[in-house]
Asker: 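Submitted below is the structure of interest, expressed as structure tokens.
Start at 1 and go down the list; that is how both ligands and their atoms are numbered. Note that the structure is a prediction, hence the values are computed from the model and not measured.
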Amino acid sequence: MPENTLTITDNRTNRTYTLPIEDGTVRSMDMRKIKTSDDDFGLMLYDPAFMNTASCRSSITFIDGDRGILEYRGYPIEVLAERCTFLEVAYLLLFGKLPNATELKGWISEITHHTMLHETTKRFMEGFRYDAHPMAMIVSTVAALSTVYPEAKNVQDPANRLFQIKRLIAKMPTMAAMSYRHSVGFPYVYPDNDLSYTENFMNMLWKMVEPKYAANPVLARALDVLFILHADHEQNCSTNAMRSVGSSMSDPYVALASAAAALSGPLHGGANEQVLKMLDEIGSKDNVAAYIQKVKDGHGKLMGFGHRVYKNYDPRAKIIKRTAEEVFKVTGRNPKLEIALELERIALEDDYFVSRKLYPNVDFYSGIIYQAMGFNPEFFTVLFAIPRTVGWLAQWDEMLRDTEQKIARPRQIYTGERKKKFLAIEERGG
Ligand code: CMC
């Protein structure tokens, strides 16, 4: 018997099956051979929340959750955050290799020249209520781009896909900045093609009456590093939404809107906003121990703690902590940092958190930096969505190139009743 196999005995029938093991995985469809009779459907695997199911093969991002390792296309995240710009990393994620100087120049130029929004899209954004949540504005506006670029529906054409990918990476900061300006009632600022990706974003956010906006280089670099850290994270909830919706061959704008919607939830990218709310609620360092006790007693969660995959320190959180120090040299220390550090210190000594392997994740410190930079908590998840757009698109493109992929369609275990007698409305009482 070959070594890389799994032998299963079905005690219902006493029959034995030998299934191949490839890459530490057995194929779910092989389970269907395990039947009690010819008309039996065959065994299924039950896995709510995909706790142990690989849904694809991917060569984009590698995570070893037990060792706290994150790599994009084989490069450690620490090296990329130290040595690259965000657009360089975007190229790496999408094309599988780091660009040379000419390729990078061309790539930056192409992204820069797609940053404008159609005026009708600008007017669309103007129509939101003055207090609309910026993530809801982003989700709706990205979906609305589908009406501006109807040719994007041709998802089978790789060249057409790449064109839409460039548009989306270029336009996300513009839409994000407009959602912010809308919330504070300032006029929208158009992109400035002389500036880098993050500098231009800062220009569209914060330019007032000065003829040319000059971003603080330390803050622009910090934002670029934060964008690198958030660019991809393999099969997380929002990426799964992107792949799942995209698998029906819907266009990338509506598929990306669904991914952004998934990101907005407080258990995913919405956690950074919740961390700040939690720190506000705690109020001071002295209240930390009592707050932790409350969480242990089952009242709420420690936001920014825990991860489905990382059961060791989240490597992104380590880099963010260092970036925070750089930012605070410019902005002054965010007083919330004291509370966060105390929370981390106590939680990491507490058996409840240690035994469950709950460590600070990427969202724990990012909000504190964003707040020091002048963003309000409602905007934090938008700052996650901008760079994650690259990851969503790289994963979407990979999915469409993968000949093993089909429309995503899970099975279920039906638990309801069957073959009930139909009653006419007058027979139903009430
Ligand atoms: N605070 C307190 N207890 C927690 C926390 C937390 N943040 N996270 C998990 N637990 C407990 C959970 O109650 C469970 O305890 P028990 O075994 O007694 O029932 C145990 O730890 C295992 O947790 P789980 O809910 O089975 O873990 P999961 O893999 O389903 O959830 C998570 C992962 C990230 C949704 C969860 O840890 C969480 O809700 N964290 C807070 C929200 C957060 O920070 N999300 C951002 C994630 S990182 C950014 C991103 O990629 O989105």
Asker: Can you tell whether the side chains of Arg401 and Asp397 come within less than 4.0 Å, N to carboxylate O?
Answerer: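 The answer is yes: the pair qualifies as a salt bridge.
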
Asker: Measure from every N or O atom of ligand 1 to the protein's N or O atoms and keep only the pairs below 3.5 Å, writing each with atom names and distance to 0.1 Å.
Answerer:
unit_1: ligand 1; atom_1: 1 (N); unit_2: Leu302; atom_2: N; d: 2.9
unit_1: ligand 1; atom_1: 3 (N); unit_2: Tyr352; atom_2: OH; d: 3.2
unit_1: ligand 1; atom_1: 7 (N); unit_2: Leu302; atom_2: O; d: 2.7
unit_1: ligand 1; atom_1: 7 (N); unit_2: Phe305; atom_2: O; d: 2.9
unit_1: ligand 1; atom_1: 15 (O); unit_2: Arg356; atom_2: NE; d: 3.2
unit_1: ligand 1; atom_1: 18 (O); unit_2: Arg356; atom_2: NE; d: 3.1
unit_1: ligand 1; atom_1: 18 (O); unit_2: Arg356; atom_2: NH2; d: 3.0
unit_1: ligand 1; atom_1: 29 (O); unit_2: Arg308; atom_2: NE; d: 2.7
unit_1: ligand 1; atom_1: 30 (O); unit_2: Arg308; atom_2: NH2; d: 3.0
unit_1: ligand 1; atom_1: 39 (O); unit_2: Lys301; atom_2: NZ; d: 2.7
unit_1: ligand 1; atom_1: 40 (N); unit_2: Phe305; atom_2: O; d: 2.9
unit_1: ligand 1; atom_1: 44 (O); unit_2: Gly304; atom_2: N; d: 2.8
unit_1: ligand 1; atom_1: 44 (O); unit_2: Asn361; atom_2: ND2; d: 3.0
unit_1: ligand 1; atom_1: 45 (N); unit_2: Leu267; atom_2: O; d: 2.9
unit_1: ligand 1; atom_1: 52 (O); unit_2: His268; atom_2: ND1; d: 2.4

Asker: Can you tell whether the side chains of Glu110 and Arg167 come within less than 4.0 Å, N to carboxylate O?
Answerer: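 Result for this pair is no, no salt bridge flagged.
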
Asker: Inspect the contact between Arg57 and Glu234 and indicate whether a charged nitrogen and a carboxylate oxygen are less than 4.0 angstrom apart.
Answerer: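 Result for this pair is no, no salt bridge flagged.
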
Asker: Ion pair present between Glu326 and Arg221, side-chain N to carboxylate O less than 4.0 angstrom?
Answerer: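 A salt bridge is absent here (no side-chain N lies under 4.0 Å from a carboxylate O).
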
Asker: Say you draw a straight line from CG of Leu302 to CG of Leu358; how long is it, rounded to the nearest 0.5 Å?
Answerer: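 Going from the CG atom of Leu302 to the CG atom of Leu358 covers 8.5 Å.
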
Asker: Please identify which of these residues, Leu341, Leu276, Ile282, meets the side-chain contact (heavy atoms from CB on, under 4.5 Å) condition with Lys336.
Answerer: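 By the side-chain contact (heavy atoms from CB on, under 4.5 Å) criterion, Lys336 pairs with just one of Leu341, Leu276, Ile282: Leu276.
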
